[in-house]
2 protein chains.
Amino acid sequence: MNTLSYGLLALLARKRSSGYDLMLRIQPFWQAKHSQIYPLLSRMEEQQLLTAEWVKQTDKPDKKIYAITPLGEQRLHEWMQMPASEPVTRDELVLKAFCLWITDKDTALALFRKRSIFYQEQIHYFEQAIHKMPDESHQFGSQDFGLYILRQKALGTARSNMEWTTWVIDMLKNAAPPEVSSEPQHH
Amino acid sequence: MNTLSYGLLALLARKRSSGYDLMLRIQPFWQAKHSQIYPLLSRMEEQQLLTAEWVKQTDKPDKKIYAITPLGEQRLHEWMQMPASEPVTRDELVLKAFCLWITDKDTALALFRKRSIFYQEQIHYFEQAIHKMPDESHQFGSQDFGLYILRQKALGTARSNMEWTTWVIDMLKNAAPPEVSSEPQHH
DNA sequence: GGACCCATGTAAAGGGTTACATGATTTC
DNA sequence: GAAATCATGTAACCCTTTACATGGGTCC
């Protein structure tokens with residue numbers, strides 16, 4: 001049982017779903033491809049943490065609906081009693097920043113402008129998602145309270161990072177331009 | 001050449017270092033164990049991106065100092081021209097939040113209080129680190145500009161997340177307590 | 001005496017991505 | 001006609017962690 005497995009259990013405790021649906025719901029908070037999720041669900045079914053049922057569809061491909069078992073619920077409760085391990089972030093831009101000084105202003109600006117667009121899209125996505133949530137999800141006790149606070153977290157982080165890119169871009173724009181030539185200009 | 005390799009190259013472009021030192025410097029921004037870094041450095045030496053030299057020490061174990069080659073510098077420049085891929089974060093607390101509603105207030109509070117301490121420590125670490133940096137590192141063109149803006153980014157994110165935990169903890173504390181018993185109390 | 005820091009490495013196992021494989025329906 | 005969405009699965013490869021292995025010096 002790895003962390004992602006518990007995440008899938010957590011989503012299934014809320015409502016029975018297909019692997020495809022779980023993938024879409026977990027994506028904004030934990031990147032995982034279908035090729036990782038489908039085998040995990042199978043293994044969890046073998047371990048009696050889940051039950052599976054095929055549901056026929058006419059317009060779309062048939063789907064396999066998973067539901068959590070009492071044993072799965074028990075494991076979830078046990079997991080919730082343990083402290084959460086520390087978050088891990090991997091960001092290529094961070095490593096590129098280490099050697100910003102070897103590059104020119106325009107290359108640097110291109111990197112941060114692209115990232116700025118990414119954060120802007122994140123802000124938009126989470127603002128919309130939060131806006132659509134009913135008021136009862138803002139209360140502890142609601143089944144959607146967790147999702148609500150997670151979206152607020154993601155929005156806050158995206159805004160903070162967006163401000164950071166703006167700040168960096170401004171510094172880059174105001175930086176002294178490099179010497180055009182090593183020789184002094186005569187006229 | 002994976003992303004971590006470029007990160008190590010980026011640090012080595014700044015100054016020649018041992019694998020152990022690279023590990024310590026990259027840790028705050030990209031989690032990687034020594035068991036991953038040492039073999040990577042060896043492979044990069046084979047590929048002529050780095051040169052290695054043993055330096056004898058009397059009080060401490062001997063160390064292997066790596067330096068970037070012109071070929072390594074060329075690869076770094078090429079990498080800087082490519083857009084940075086999107087950041088990936090994996091946070092167990094996020095998955096636990098999905099099923100907050102199956103648990104009680106105290107369990108939830110314990111999770112967020114622990115995380116709050118983590119963010120507080122991060123804020124302290126990055127504040128100190130920024131405070132110690134010389135003023136010239138605040139300018140694009142300085143070799144430490146990248147490190148300076150990264151620490152500002154990390155500080156901003158940690159503060160945003162700290163505020164978030166405080167907000168969640170307050171909501172939890174103010175939440176209606178659960179019924180003590182399913183039977184009405186007589187007196 | 002035990003724990004921690006310095007310093008390097010290998011091996012095994014687990015986590016995650018990319019590619020391969022299929023196929024109907026809908027949208028541009 | 002091409003691309004995207006829905007839907008599931010396997011196989012190969014790469015990335016990352018944990019564990020094994022060594023050994024001197026310092027601090028409590």
Side-chain angles (χ1 to χ4, degrees), chain A residues 1-9 11-12 16-47 50-66 85-92 94-95, chain B residues 1-9 11-12 16-47 50-66 85-92 94-95:
Chain A
M1 284 283 285
N2 59 22
T3 310
L4 178 56
S5 303
Y6 283 108
L8 296 170
L9 269 191
L11 288 177
L12 285 167
R16 53 217 316 280
S17 325
S18 67
Y20 187 83
D21 186 41
L22 288 169
M23 177 189 71
L24 294 180
R25 286 199 288 153
I26 213 164
Q27 286 280 8
F29 304 103
W30 191 286
Q31 287 70 43
K33 308 293 158 80
H34 72 274
S35 54
Q36 193 182 7
I37 290 173
Y38 291 133
L40 269 188
L41 289 170
S42 288
R43 242 186 292 160
M44 288 160 79
E45 193 193 344
E46 280 172 37
Q47 290 165 40
L50 303 179
T51 57
E53 184 194 353
W54 279 97
V55 172
K56 280 188 183 148
Q57 296 189 125
T58 48
D59 52 333
K60 294 184 233 171
D62 296 351
K63 57 184 178 179
K64 206 169 168 180
I65 298 293
Y66 287 96
S85 53
E86 293 179 0
V88 174
T89 302
R90 290 185 204 278
D91 185 351
E92 200 177 2
V94 161
L95 298 186
Chain B
M1 285 281 285
N2 59 23
T3 310
L4 179 56
S5 304
Y6 283 109
L8 296 171
L9 269 191
L11 288 177
L12 285 167
R16 53 217 314 283
S17 324
S18 66
Y20 188 82
D21 186 39
L22 288 169
M23 178 190 69
L24 294 180
R25 286 199 287 151
I26 213 163
Q27 285 281 8
F29 304 103
W30 190 286
Q31 287 70 44
K33 308 293 160 80
H34 71 274
S35 54
Q36 191 182 7
I37 290 173
Y38 291 134
L40 268 188
L41 289 170
S42 288
R43 241 186 292 158
M44 288 161 78
E45 193 193 345
E46 280 173 35
Q47 291 164 39
L50 303 178
T51 56
E53 185 195 354
W54 279 97
V55 172
K56 280 188 182 147
Q57 296 188 124
T58 48
D59 51 334
K60 293 183 235 171
D62 296 351
K63 57 185 176 178
K64 205 170 169 181
I65 299 291
Y66 286 97
S85 53
E86 293 179 0
V88 174
T89 302
R90 291 184 203 280
D91 184 352
E92 200 177 1
V94 161
L95 299 186

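Labels below follow one simple rule: chain letters A, B, ... track the order of the sequence lines, proteins then strands, and each chain is numbered from 1. Fair warning: this is a prediction, and the values are worked out from it, not measured in the lab. Values reported hereafter were calculated over all heavy atoms of this structure, with side chains retained and with hydrogens, waters and symmetry mates removed.
The CD atom of Gln36(B) sits 17 Å away from the P atom of dA11(C) (whole-angstrom rounding). At whole-Å resolution of the value, CG in Leu4(B) and P in dG16(C) are 17 Å apart. Atom NZ of Lys56(B) is separated from atom P of dA7(C) by 16 Å (rounded to the nearest Å). Separating the CG atom of Asp62(A) from the C1' atom of dT22(C) is a distance of 14 Å, rounded to the nearest angstrom.
For Tyr20(B), there are no ring pair (Phe, Tyr, Trp, His ring centres under 6.0 Å) partners two or more places apart in sequence or in a different chain. Legend: residues meeting side chain to side chain donor-acceptor pair (under 3.5 Å) with Thr3(B), ordered by chain and number and at least two apart, are absent. Applying the side chain to side chain donor-acceptor pair (under 3.5 Å) criterion to Asp59(A), with sequence neighbours excluded, gives no partner residue.
Distance check, rounded to the nearest 0.5 Å: CD1 of Ile26(B) to CD of Gln36(B) gives 9.5 Å. Here the CG atom belonging to Leu8(A) is positioned 10.0 Å from the CZ atom belonging to Arg25(A), to the nearest 0.5 angstrom.
Side-chain contact between Asn2(B) and Leu40(B) is present, with heavy atoms from C-beta onward closer than 4.5 Å. Side-chain atoms of Leu9(A) and Met1(A), non-hydrogen and from C-beta on, do get closer than 4.5 Å to each other. The side-chain heavy atoms of Val88(B) and Glu86(B), taken from C-beta on, include no pair separated by under 4.5 Å. No side-chain heavy atom of Trp30(A) sits less than 4.5 Å from a side-chain heavy atom of Val94(B).
Between its two ends, the helix from dG1(C)-dC28(D) to dC28(C)-dG1(D) turns its axis by 50°, counting five pairs per end and rounding to 10 degrees.
Although no hydrogens or angles enter the test, the distance criterion places a donor-acceptor pair under 3.5 Å between the side chain of Gln27(B) and the main chain of Ala32(B). A donor-acceptor pair under 3.5 Å is formed between the side chain of Arg90(B) and the backbone N or O of Gln31(A).
Position along DNA chain C of the nearest nucleotide to Arg90(B) versus Pro61(B) favours Pro61(B) as the more 5'-ward residue. In terms of position on DNA chain D, the residue among Ser35(A) and Lys60(A) whose nearest nucleotide sits closer to the 5' end is Lys60(A).
Listed by residue number, the members of residues 21-32 of chain B with any heavy atom below 4.0 angstrom from DNA chain C form an empty set.
As judged by a 4.0 angstrom heavy-atom cut-off over every strand, Ser18(B) is placed among residues touching the sugar-phosphate backbone only. The residue Lys33(A) sits close to a base: some heavy atom pair falls under 4.0 Å.
In summary, contact between chain B and DNA chain D, defined as any nucleotide atom under 4.0 Å from a heavy atom of the protein, begins and ends at dC15(D) to dG25(D) in the 5' to 3' direction.
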